[in-house]
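Report on the following structure.
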Amino acid sequence: MSGVLPAGFVGELERALGPEQLIREAEQLRTYECDGLTGHRVQPALVVLAESAADVQATVRACNAHSVPFVARGAGTGLSGGALPVAEGIVISLARLTRILEIDVERAQVVVEPGVANLDVTRAVADAGFYYAPDPSSQQVCTIGGNVAENSGGAHCLKYGFTVNHVLAADVVLPDGELVELSVWDDGPDLLGVFVGSEGTLGIATKLTLRVLRSPEAVRTLLAGFAHTDAAGAAVSGVIAGGILPAAIEMMDAVTIEAAEAAVNASYPLECGAVLIVELDGPTAQVEEDLERVEEICNANGAKEIRIASDPQDRYAVWRGRKAAFAAMGRVSPDYYVQDGVVPRTKLPAVLRRIDELSTAHGLRVGNVFHAGDGNLHPLVLYDGRIEGQAERAETLAREILVACVDAGGSITGEHGVGADKACAMPLMFGEDDIAAMLRVRAAFDPAGLANPGKLFPTPRLCGEVPGPYRVHPLEKAGLADRF
Ligand SMILES: Cc1cc2nc3c(=O)[nH]c(=O)nc-3n(C[C@H](O)[C@H](O)[C@H](O)COP(=O)(O)OP(=O)(O)OC[C@H]3O[C@@H](n4cnc5c(N)ncnc54)[C@H](O)[C@@H]3O)c2cc1C
């Protein structure tokens with residue numbers, strides 16, 4: 001099945017790797033043909049199951065020698081098609097690189113391989129009184145390598161920052177096979193900062209040094225139900241304007257409450273149009289004082305019901321519904337499309353109303369679950385793929401939501417990345433000069449355009465001859481007309 005690969009390439013891989021590290025059968029390749037963005041599927045010509053940095057290096061060197069494109073893959077939970085294979089290329093899976101290499105409590109650092117699951121970092125340091133702050137809802141399975149590539153966020157990133165704020169160093173196999181170490185202690189330009197969030201287009205991370213935080217003295221979690229998202233949004237603004245910085249503020253609307261209840265029975269108030277989960281952490285006295293003020297602010301904004309988690313089990317129950325919200329949509333709709341956009345916090349009510357209008361106009365329900373504190377929306381467009389035209393209508397509606405986010409001064413992605421899904425939406429935010437500059441940075445790392453091609457940037461192949469409002473295609477502008 002590797003007929004599309006150049007002669008000699010497979011032989012080179014066979015000499016460098018064990019036979020059980022190469023997947024070639026169509027049946028098995030199917031596992032790798034998409035990530036969470038299930039509407040896009042491409043079967044790769046071959047998959048390499050790397051077991052060490054040396055395996056990654058040998059594979060990338062062979063790709064470079066034979067001009068074979070490659071796509072890194074962690075757990076394949078990305079929702080933007082970042083790990084979508086290239087038909088005439090290979091996938092390099094990092095899923096077997098799951099060792100925690102070093103735990104240095106004194107320096108609050110952990111060194112891991114890229115295939116370690118996000119939650120396993122916290123599990124490894126919990127007994128010593130530490131935790132790893134970035135907490136995507138997929139944290140039980142998504143990998144640190146994928147988190148770094150996507151600069152992933154999570155509920156607790158409002159207070160503690162995204163992945164980029166917690167990565168101290170990375171070993172990276174560059175697209176020509178050279179292994180380099182990038183770190184926050186390097187002199188010169190912040191190349192680690194450039195690498196984090198580059199979605200597998202600048203190389204493959206093979207080792208990561210992460211900052212872990214001391215577990216807070218106290219954590220308190222409050223659930224407040226409101227009649228409408230407007231009132232819940234006003235409470236969010238009130239909390240932030242009051243000078244309180246919660247660890248997390250999450251919002252769910254009526255559709256999402258219904259789905260979460262059906263899936264995990266989290267005891268959310270079904271008669272409410274919106275719920276907020278507000279979590280406070282820090283020194284006990286400060287947390288108790290802030291909790292009282294948050295309760296007051298919620299009441300002042302018309303909260304219909306307030307519940308404060310009484311113990312860790314209760315807190316877990318409050319979070320269970322939120323963490324399960326995406327998957328729970330399966331309870332209320334056969335299919336759904338997850339959108340990821342950002343708006344300034346003050347524009348939340350207006351944009352939610354616009355989403356309502358779009359939902360009515362397209363005749364499709366939209367559930368909203370989001371990181372309200374930082375304005376990161378996750379509208380879930382519900383549709384039935386068995387009904388002719390609904391999938392296309394869902395995609396159009398999701399795209400129009402993005403336009404609404406950008407028009408409100410926001411952005412096309414908060415945390416799920418651009419990937420293949422939103423490459424054509426980049427012109428909504430960036431002019432041709434901006435993209436040409438980004439493409440030149442990419443070309444400095446990957447002059448041959450082999451690392452995850454077709455992602456992030458609009459290409460004629462992906463988006464038509466002249467995507468967006470461009471007069472000159474940014475690839476041409478950057479002098480890279482036939483690459484990526
Ligand atoms: C139910 C659900 C909830 C989610 N919730 C959140 C959330 O709250 N916050 C959030 O940010 N995301 C969320 N996501 C999206 C996703 O889980 C994250 O983007 C995650 O970081 C992807 O990790 P992964 O290991 O699955 O990466 P993959 O999907 O395998 O890959 C993602 C990208 O990273 C690249 N990549 C993977 N490994 C490496 C490596 N070692 N070196 C270089 N590039 C690499 C790939 O090429 C691809 O471009 C959610 C997804 C699901 C399904």
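Counting begins at 1 with the first residue of the sequence. All ligand and atom numbering here is 1-based and tracks the order in the structure.
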Is [X] touching ligand 1 with its side chain, its backbone, both, or neither, if touching means heavy atoms under 4.0 Å apart?
X	answer
Lys455	neither
Glu150	side chain
Pro114	side chain

Under a 4.0 angstrom heavy-atom cut-off, which atoms of ligand 1 come close to [X]?
X	value
Asn452	47 (O), 49 (O)
Gly200	44 (N)
Ile204	42 (N), 43 (C)

Residue, atom name and distance, where the atom is the protein heavy atom closest to [atom]:
atom	result
atom 50 (C) of ligand 1	Ser138 OG, 3.5 Å
atom 47 (O) of ligand 1	Ala72 O, 2.7 Å
atom 25 (O) of ligand 1	Thr143 OG1, 2.6 Å
atom 5 (N) of ligand 1	Ser137 N, 3.4 Å
atom 27 (O) of ligand 1	Gly146 CA, 3.6 Å
atom 41 (N) of ligand 1	Ala205 O, 3.1 Å
atom 36 (N) of ligand 1	Ala149 CB, 3.7 Å
atom 29 (O) of ligand 1	Gly78 N, 2.8 Å

Check if Ala327 has a non-hydrogen atom at a distance under 4.0 Å from any atom of ligand 1.
->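 No, Ala327 has no heavy atoms under 4.0 Å from ligand 1.
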So, does Gly203 sit close enough to ligand 1 that a heavy atom of it is under 4.0 Å from the ligand?
-> yes
According to the interplanar angle, ranging from 0 to 90°, do the rings of His416 and His378 count as parallel (below 30°), tilted (30 to 60°) or perpendicular (above 60°)?
-> parallel
Looking just at side-chain N and O atoms, do [X] and [Y] make a donor-acceptor pair shorter than 3.5 Å?
X	Y	result
His371	Glu250	yes
Asp340	Thr413	yes
Tyr160	Asp135	no

Close N or O approach ([X], ligand 1; < 3.5 Å):
X	result
Ala75	yes
Gly74	yes
Leu79	no
Gly76	yes
Arg73	no
Phe326	no

Where Ala263 and Ala328 come nearest, the two heavy atoms and their spacing | CB-CB, 3.5 Å
Could you tell me whether Asp55 and Arg96 make a salt bridge, using a distance below 4.0 angstrom between a side-chain N and a carboxylate O?
->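 So Asp55 does not pair with Arg96 through a salt bridge.
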Between Val148, Leu94, Thr77, which one has a non-hydrogen atom sitting closest to atom 51 (C) of ligand 1?
-> Thr77
